[in-house]
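No experiment lies behind these values; they were computed from the predicted model shown.
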Amino acid sequence: AAGAPFQYIVVEKRGAKQDVGLIRLNRPQALNALCAGLMREVKQALEAFESDPRVGAIVITGTEKAFAAGADIKEMQHNTFQQCYSAGFLDEWDRVSKVRKPVIAAVNGYAVSPHAPSDGARLRSAAPHARVSSRQLGGGCELAMMCDIVYAGEKAQFGQPEILLGTIPGAGGTQRLTRAVGKSLAMEMVLTGDRISA
């Protein structure tokens with residue numbers, strides 16, 4: 001994977017022993033929106049690092065401005081449910097949660113749409129062990145939750161704003177969010193589109 005020519009990600013090995021696989025989302029013009037091509041490349045890089053016996057852990061990160069601004073709505077907007085279902089629209093996404101090596105989300109910047117509304121009075125700590133420094137919403141939040149560990153800066157916000165588009169989280173967000181923050185807060189986030197802070 002390291003050095004392989006990718007369009008939407010940068011892949012390399014890091015650490016003194018070159019034993020950490022690093023996957024950097026690299027679609028800055030779209031705030032790393034998670035298009036099908038990007039997720040296909042992430043899957044390929046994960047599989048290469050998983051089969052490399054020298055790699056002990058994998059880190060997924062974004063740019064300073066954005067971890068991932070969610071699913072690429074422009075790419076999805078004209079697809080019907082049947083088109084998405086029959087084409088296996090989210091198949092690549094599941095690979096993140098099935099890797100047998102530790103996968104770490106290192107979050108800087110948005111992990112949700114930067115335009116999703118925020119209710120400052122309702123922000124609260126949902127995961128006291130995670131340090132977050134930007135916003136993770138929608139697909140970006142779901143991608144982070146698929147990882148085994150989430151490290152992020154102090155100003156990060158998490159949310160599932162899909163309800164504001166008339167839909168619900170589609171990449172396991174309803175299930176993973178419930179496990180991470182509990183049923184009541186997950187219901188509030190999914191049904192209102194409100195964000196929480198780290």
Within the 4.5 Å heavy-atom criterion, are Gln44 and Phe6 side-chain neighbours or not? yes
Can you tell me if Thr61 uses its side chain to pair, donor with acceptor, with the backbone of Arg24 under 3.5 Å? no
Listed by chain and number, what are the side chain to side chain donor-acceptor pair (under 3.5 Å) partners of Gln18, not counting sequence neighbours? none
Is the shortest heavy-atom distance from the side chain of Lys13 to the side chain of Phe49 under 4.5 Å? yes
Return the OG to CE distance between Ser97 and Met145, rounded to the nearest 0.5 Å. 11.5 Å
Who pairs with Gln7 by side chain to side chain contact (heavy atoms under 4.5 Å, CB included), at least two apart in sequence or on another chain? Glu41
Go through the steps to decide whether Val107 and Tyr151 satisfy the test side-chain contact (heavy atoms from CB on, under 4.5 Å), and finish with yes or no. CA-CA 6 Å; Val107 181; Tyr151 285 109; over 6 Å; no
Side-chain heavy-atom pair Leu34, Glu142 within 4.5 angstrom cut-off: no
Identify the heavy atoms of Tyr8 and Gly37 that sit nearest to each other, and give their distance. CD1-C, 3.5 Å
How close do Phe67 and Ala106 get, heavy atom to heavy atom, and via which atoms? CD1-O, 3.7 Å
Is the backbone N or O of Gly62 less than 3.5 Å from a side-chain atom of Asn32, with the two atoms forming a donor-acceptor pair by type? no
Please report the closest heavy-atom contact between Asn26 and Pro28, naming both atoms and the distance. C-CD, 3.3 Å
Between Ala33 and Leu38 the two heavy atoms that sit nearest each other are O-CD1, 4.1 Å
Hydrophobic cluster identity match, Ile104 and Leu22, side-chain contacts under 4.5 Å: yes
So which heavy atom on Cys147 is nearest to which on Val96, and how close? SG-CG1, 4.1 Å
What residues, two or more places apart in sequence or in another chain, satisfy side chain to side chain donor-acceptor pair (under 3.5 Å) together with Arg54? Asp52
Per the salt bridge (charged side-chain N to carboxylate O under 4.0 Å, His left out) rule, what does the pair list look like for residues 96-108, sequence neighbours excluded? Glu50-Arg100
Residues in salt bridge (Lys or Arg N to Asp or Glu O under 4.0 Å) contact with Arg14, at least two apart in sequence or another chain: Glu12
Take Val20 and Ile58 through the side-chain contact (heavy atoms from CB on, under 4.5 Å) test and state the conclusion after the steps. CA-CA 6 Å; Val20 176; Ile58 303 164; over 6 Å; no
For a 4.5 angstrom cut-off between non-hydrogen side-chain atoms, does Val10 reach Leu25? no
Grab the two heavy atoms, one from Ile9 and one from Ala45, that are nearest each other, plus how far apart they are. CD1-CB, 3.9 Å
Considering residues at least two apart in sequence or located in another chain, which fulfil the side chain to side chain contact (heavy atoms under 4.5 Å, CB included) criterion with Asp19? Lys17
